[in-house]
Amino acid sequence: MNDTKKSLDLGEVINETFEIWKKTALMGGLAFMFLMLILMTLAMVGIGYFFNKEELPELMKNFNPETLSTNGMLIYFAVVIGFTVLISPFIAGMLKMAHDADNDQEVTFSSIYYYVNSPQFLNIILTTTLISIFSVGLNVLLKNALPNTSGDILGFIVSYTISVLTFIAIPLVIFKNLNFIDAIKLSCSRILNNFFIVLLLMIVAGLFSAVGIIALCIGLFFTIPFAYAMQYSIYKRLG
């Protein structure tokens, strides 16, 4: 596993990301919309199974994870991590769309399912699970260990730092065929040398993706692929 120091050029990454996004926005947006509809349907069925339909609106209105019991908190975060893990192979499919666009190949809707039944499937799941457990676990631990706002702030910083350091772990699994441990280690190593540039690029991707909210929220589905184009472009230079 080559651990040569690599660097990023901010303008170069942003320019390439826009070029990839222009090729993936429509198909990626439709694929992401389809995925969210499926997940929302599953979520509503699951919630409806555990809660009375008449009580559900009031429950959602007053829901606050911080007021949950210890067991309730564990269940809540298990569900959050579960959903994150569940969609991870489809997120890998979004990255494949970016890869195909960058290599002038056809961008197809079916790419979103490409890694569901693939040799990389298990490592995609394990990578996402390990990152999520560390991120969520440390966040909760710090919030409970430190008083009031200080715990919230430190928990957020630690959680977001883990997200930045592991940003190219999934691309390393699917494009370099690394196992989940090696992918996470190499991602942390490569991004550590470019931490603040990657952080800035992630913020840019998040802000651009959020622009879709202006278009009655529907546009969000078609700006979201920009974030995966950015992730792929960063991986391409650091991986």
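All values reported here derive from a predicted model rather than from experimental measurement. We number each residue from 1, following the sequence as shown.
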Starting at [atom1] of [X], measure out to [atom2] of [Y] and round the result to the nearest 0.5 Å.
| X | Y | atom1 | atom2 | value |
| --- | --- | --- | --- | --- |
| Ile184 | Asn123 | CD1 | CG | 9.5 Å |
| Thr41 | Met36 | OG1 | CE | 11.0 Å |
| Tyr228 | Ile170 | OH | CD1 | 11.0 Å |
| Leu8 | Arg237 | CG | CZ | 7.5 Å |
| Leu10 | Asn15 | CG | CG | 9.5 Å |
| Ile133 | Thr84 | CD1 | OG1 | 11.0 Å |

State, yes or no, whether a side-chain contact exists between [X] and [Y] at a heavy-atom distance under 4.5 Å.
| X | Y | value |
| --- | --- | --- |
| Asn177 | Gln120 | yes |
| Tyr160 | Met202 | yes |
| Leu238 | Val198 | yes |
| Leu178 | Lys185 | no |
| Asn139 | Val158 | no |
| Glu16 | Lys236 | yes |

Closest contact, heavy atoms only, [X] versus [Y]:
| X | Y | result |
| --- | --- | --- |
| Leu172 | Ser187 | CD1-N, 3.7 Å |
| Ser111 | Lys96 | OG-NZ, 4.1 Å |
| Ser233 | Thr17 | CB-OG1, 3.6 Å |
| Thr166 | Ile162 | OG1-O, 2.7 Å |
| Met94 | Pro225 | CE-CG, 4.1 Å |
| Pro171 | Gln231 | CD-NE2, 3.8 Å |

Review point. Is a side-chain donor or acceptor of Asn179 paired with a backbone partner of Ile181 at a separation under 3.5 angstrom?
Key: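 Answer holds: yes.
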**Study point:** Expected output: side-chain Ser159 to main-chain Gly155 donor-acceptor under 3.5 Å
**Key:** no
Point to revise | Over 12 foreign heavy atoms within 6.0 Å of CG, Asn117 | key: no
Practice item. Determine whether more than 12 heavy atoms belonging to other residues, nucleotides or ligands lie under 6.0 Å from atom OH of Tyr113. Key: yes
Review point. Is it true that Ile91 and Met40 fall in one hydrophobic cluster, defined by side-chain heavy atoms closer than 4.5 Å?
Key: no
Point to revise | Selection residues 162-206 - residue pairs positive for ring pair (Phe, Tyr, Trp, His ring centres under 6.0 Å), sequence neighbours left out | key: His99-Phe175, Phe175-Tyr232, Phe175-Tyr235
Side-chain donor-acceptor distances from residues 18-35 under 3.5 Å, at least two apart:
from  : atom 1 : to     : atom 2 : distance (Å)
Glu19 : OE2    : Lys22  : NZ     : 3.1
Trp21 : NE1    : Phe222 : O      : 3.0
Lys23 : NZ     : Ala101 : O      : 3.3
Lys23 : NZ     : Asp104 : OD1    : 3.3
Thr24 : OG1    : Ile20  : O      : 3.2
Thr24 : OG1    : Trp21  : O      : 3.4

Review point. Any side-chain donor-acceptor pair under 3.5 Å between Ser132 and Ser135?
Key: no
